Amino acid sequence: MLKELFVKIQTNCKDYSKEELIEIEKFLKDEIVIKNDDSFELNSKYKIALVKVGKNLVILEDLISEHKNIKIEFDDLNGAYDGDLVLAKRVFNPRSRTKAKIVQILDGKKNDVLVYIKDKAFYTVKENIKLENNNALKYNEGDVLLVDNKSLELIKNLGNIKDPEIDELISLNLYNETYRLEKHLEVIANMDDPKQRVDLRDLYFCTIDPNSAKDHDDAIYFDKKENILYVAIADVSYFVKEGSELDLLAFKKSTSVYLPTKVLPMLPPILSEEMCSLKEGVDRYSYVFKLHLDLENLSVKKAELFEAIINSHKNFSYGRIDRVIEGHLDQYSKTEKTIFDYLIPLYELTKKFRKRRLLKGYDFRTTENRLKLKNDNLESIEVETSTASHQLVEECMLLANIEASKKVNTVGIYRIHEEPPFKAISKLVDDVNILGVNVKLQSDVHDTIVHIQEKAKVSMMGAEIDELIIQAQTQAKYSSKNLGHFGLGFSSYSHFTSPIRRYSDLVLHRILKTKQTPKNIEDICEHISLNERKIDQLVWDFEDRKYARWASLNIDEEIKVKIVDTEKAKAVCYEKMFGMKVIIENYKGQKLFTKLRVRIKSADIVTKVIVATIKY
């Protein structure tokens, strides 16, 4: 009630209920609210706001305009916590930046908070804020606890930070995703579609995935005589009915969580690993694009979409197909040879499609660091790069995603990526010039990025400059309106090919089948976009804690790093423990991407802060 009341006061509302006037009277006595003829206004000395606690800062979120948000120090929280509605008093600041201190909690939300024991006191895991409480004396140093954020009474003891198994629980609790550990819903999944499906079981479909994959979303087949590409996607929408308990839970999750040692799936394993997974040698329901390719114009001249039944004749790993593309067929069966005979010409064709696509889109040198764990401790890093087989699959999936987006009405579910603002591109040009690569703003954003990449090719800093370009981009998200995909260079794009692990694709399948758009499509897009970012942060939190745990066991170890943040003296390891971030203790203003040899000095597993010192 109070939040809505102060929104009305600050928007000059003149119509108040009897209960609201009684509440206002309390604030009039303390001159927090001032009466002005027939309306009320907030005393300019005060601010009513919602507390937003981040990792390194606290923001008082204005109830009316985000442009009036104020940053405050952790010391000024005065017992308030994330989500609380508070009264803050403005503090005079000669440096002109508005400052404020919380003086009263108006509406404190009751939440659980994750704390750990350090020096016989409670500290929050997320922000490392000390909480005054005598209960801490009951616990051991390093214990990690879930407590009530108001009373600080124990809800659950998660264990001790010395135990590496606790890392997963910490990350899941920090991001409110512990429900993923609950028992999976029981699902009865049968292939009993009364409708006649297109029977494609005689076609030699195959899947190409990582070695460890259990959820095979997509399979491909290429008819090289007719130049027809079939992209078959698991028909998840047949098994997951809209509005069912299973569907509501999938919506809540929005995506699967991929941790180094396990997957926390969006759907129960009976679906994600069995009935919806296009496993080798078994019949599976699928939703299939039949793409008639125009080899002369490198385009799709006709796209048919239908429900089918397929049988994946072979599940391949990326590595195996890379060897085939390179001409190393190894030993092969008759079935494998039949598939290789169409995969090799398909790869050559997708290379041409890719080249054409990159006239508008961008080619970034991306790598992915895969953490390898042993007994829950980090053992090594496997750097995965985009290879020929990855690019083959990617181009096929992109074609299906584009064609799916074209079949949606004006309002649907699109994957959008807006053009970066001029300010970001201008800063990018400045940063690249600081590195010694002479670049200039061009006539538009696309030409500027291509110009920078061309210059970077001869500078020996292509990968580093690609990092800067990626940082300058806006974040891709889901939208009910088609705003195009800047990074890929597409005027229309949707996610169609991974309904086992992404709720967006499941929604798109339903729209395409029923020709109906959900009434709450805007809410769906916003929810899954926010959840996607949250899950990314959860995985990064888990991985950074594994890095810190490794560093704590390797104090004084020498590592090679490069500077990635000149303001915060941050560097990232580019050898052995690829991707590990450290703070340079004796940083002396070295340039961005300067390579250094450093020694690990300290590591805090809870806060994930690793401190290193430069070896001179």
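The figures here come from the full heavy-atom set of this structure, side chains too, leaving out hydrogens, waters and symmetry mates. The shown structure was predicted, so the numbers you read here are calculated from the model rather than taken from an experiment.
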Next item on the list: Keeping the roles fixed (side chain from T255, backbone from E532), state whether a donor-acceptor pair exists under 3.5 Å.
Entry: no

Next item on the list: Indicate whether the side chain of N36 and that of E41 have a donor and an acceptor atom separated by less than 3.5 Å.
Entry: yes

Next item on the list: Would you indicate whether E245, at its atom CD, is surrounded by more than 12 heavy atoms from other residues, nucleotides or ligands within a distance under 6.0 Å?
Entry: no

Margin query: A quick test of your reading: do over 12 heavy atoms of other residues, nucleotides or ligands sit less than 6.0 Å from NZ of K534?
Written below: yes

Note to self: Any non-hydrogen side-chain atom of V572 less than 4.5 Å from a side-chain atom of F578?
What the structure shows: no

Item checked: Exceeds 12 heavy-atom contacts within 6.0 angstrom, atom NZ of K477 -> no

Note to self: Parallel, tilted or perpendicular: which one describes the rings of Y478 and H495, with boundaries at 30° and 60°?
What the structure shows: perpendicular

Next item on the list: Apply side chain to side chain donor-acceptor pair (under 3.5 Å) to E177 and Y179, showing your working.
Entry: CA-CA 5 Å; E177 292 289 322; Y179 69 92; 3.3 Å; yes

Next item on the list: Find out whether L468 and F593 are in side-chain contact, i.e. whether some heavy atom of one side chain is under 4.5 Å from a heavy atom of the other.
Entry: yes

Check: H485 vs Y493 aromatic rings, parallel, tilted or perpendicular, using cut-offs 30° and 60°?
Finding: perpendicular

Checklist line | Cation-pi check, K118 onto Y123 ring (under 6.0 Å, within 45° of axis) | finding: yes

Note to self: Against D544, only a single residue in R549, K581, K608 fulfils salt bridge (charged side-chain N to carboxylate O under 4.0 Å, His left out); can you say which?
What the structure shows: K581

Check: Between K253 and Y503, is NZ or CZ placed under 6.0 angstrom from the six-membered ring centre and within 45° of the ring axis?
Finding: no

Check: Hey, is the main chain of E141 close enough, under 3.5 Å, to the side chain of N160 for a donor-acceptor pair?
Finding: yes

Next item on the list: Determine the interplanar angle of the F122 and Y139 rings, folded into 0 to 90°, and report it as parallel if under 30°, tilted if 30 to 60°, perpendicular if over 60°.
Entry: tilted

Checklist line | Side-chain donor/acceptor of N531 to backbone N/O of K252, under 3.5 Å | finding: yes

Margin query: Would D541 and S171 count as a side chain to side chain donor-acceptor pair (under 3.5 Å) here? Give the steps.
Written below: CA-CA 6 Å; D541 178 80; S171 296; 2.7 Å; yes

Notebook entry, point to check: Just by modelled atom types, is the V439 backbone N or O under 3.5 Å from a matching donor or acceptor in the H451 side chain?
Noted result: no

Check: Is the CD atom of E526 crowded by more than 12 outside heavy atoms at less than 6.0 Å?
Finding: no

